[in-house]
Amino acid sequence: MQIITSVSKMQAFASGLHAQGKTIGLVPTMGALHAGHVSLVTAAVGRADCVVVSIFVNPAQFSPNEDFNKYPRELEADVAKCEAAGAQVVFAPPADQIYSKGFSTFVCEDSLARSLEGVSRPTHFRGVTTVVAKLFNICRPHVAVFGQKDAQQVAVIKKMVADLNFAIEIVVAPTLRESDGLALSSRNRYLSTSQRLEALAISRALFKAREMVEGGERRSDRLVAEATHILGQHRRIRVIYVSLVDADTMEPLREVKTGHSIMAVAVWMEDVRLIDNIIL
Ligand code: PAF
């Protein structure tokens, strides 16, 4: 396992692999790795000769009032998880390697990024697309793996890849859940035991929507109303959005498009912001 912290060394390493005709799989992360991230690494291992996991808590995707400073940083434990999952390289640059003094060029997807998360976090996806584009240029992957848990991020990145002609295959790995339904997230560790228990309403709301669709319901308004009702029964949960959207365009749907609709939820569980979604 190699740990690379400098952009130029990572670029040289990637060039060496390209010269040898080897393929590179990239798993971009912000660290604090859990089993969901490990499943992304496993997906990459089967698809590329060399798997690089980037670990970088990206300041550009946090708003000033968000949890950038308290976001968990635990490089040593993360490296061990990457190694055990079969990655060959961890790329963990310091912030000034990614955003040098005077940095002023951003990559901005200007359509899909505006809805859902984009409404209350207007600069979030600009930060994501900028850092992911940089990681693509630095690590030069043939394939990159992202989690379905961040469904809008997946749609925005796929659009960026198409619009900017990155020759990179985007693989989307399914959301992993705890046995009680809670989607794995690095932010779950902020939850107290009682908050965590109430947060289960999120997956319950999504599973109820799935059950309704399996029972023949197609109408978005009915699915959204029921999910919102389930979340509304919890005093400490504040709904940010519940929406049925097209998986590619993120545009709201009136009716379920089987296999191509995403029911997306974001809530505040007191001071912890949680998102989840399900494909319908
Ligand atoms: O999904 C994440 O952890 C981040 O948004 C990503 C893709 C690593 C970019 O910082």
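Both ligands and their constituent atoms are indexed starting at 1 by order of listing. As the structure is a computational prediction, the values presented were derived from the model and not from experiment. The figures here come from the full heavy-atom set of this structure, side chains too, leaving out hydrogens, waters and symmetry mates.
Those atoms of ligand 1 that come under 4.0 Å of a heavy atom in Pro28, given as number and element, are 8 (C). Taking every non-hydrogen atom of Val131 and a distance limit under 4.0 Å, the qualifying atoms of ligand 1 come out as 9 (C), 10 (O). Here is the list of ligand 1 atoms found below 4.0 Å of a heavy atom in Gln153: 1 (O), 2 (C), 4 (C), 5 (O), 7 (C).
Using a 4.0 Å cut-off between a side-chain N of Lys or Arg and a carboxylate O of Asp or Glu, Arg273 and Asp67 do not qualify as a salt bridge. Using a cut-off of 4.0 Å between Lys/Arg side-chain N and Asp/Glu carboxylate O, Arg189 and Glu74 are scored as salt-bridged. A salt bridge is absent between Arg218 and Glu255: the closest approach of a Lys/Arg side-chain nitrogen to an acidic carboxylate oxygen does not fall below 4.0 angstrom.
When heavy-atom distances to ligand 1 are checked against a 4.0 Å cut-off, Thr29 comes that close only through its backbone atoms N, CA, C and O.
For Gln20, the CD atom counts as densely surrounded, since its 6.0 Å shell holds more than 12 non-hydrogen atoms of other residues, nucleotides or ligands.
Looking only at protein heavy atoms, the nearest one to atom 10 (O) of ligand 1 is Gln61 OE1, 2.6 Å.
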Determine all donor-acceptor pairs shorter than 3.5 Å in which one atom belongs to a side chain in residues 25-43; sequence neighbours excluded.
residue, atom, partner, partner atom, Å
Thr29, OG1, Gly31, N, 3.0
Thr29, OG1, Ser54, O, 2.8
His34, ND1, Gly36, N, 2.9
His37, ND1, His34, N, 3.0
Ser39, OG, Gly36, O, 2.6
Thr42, OG1, Val38, O, 2.8

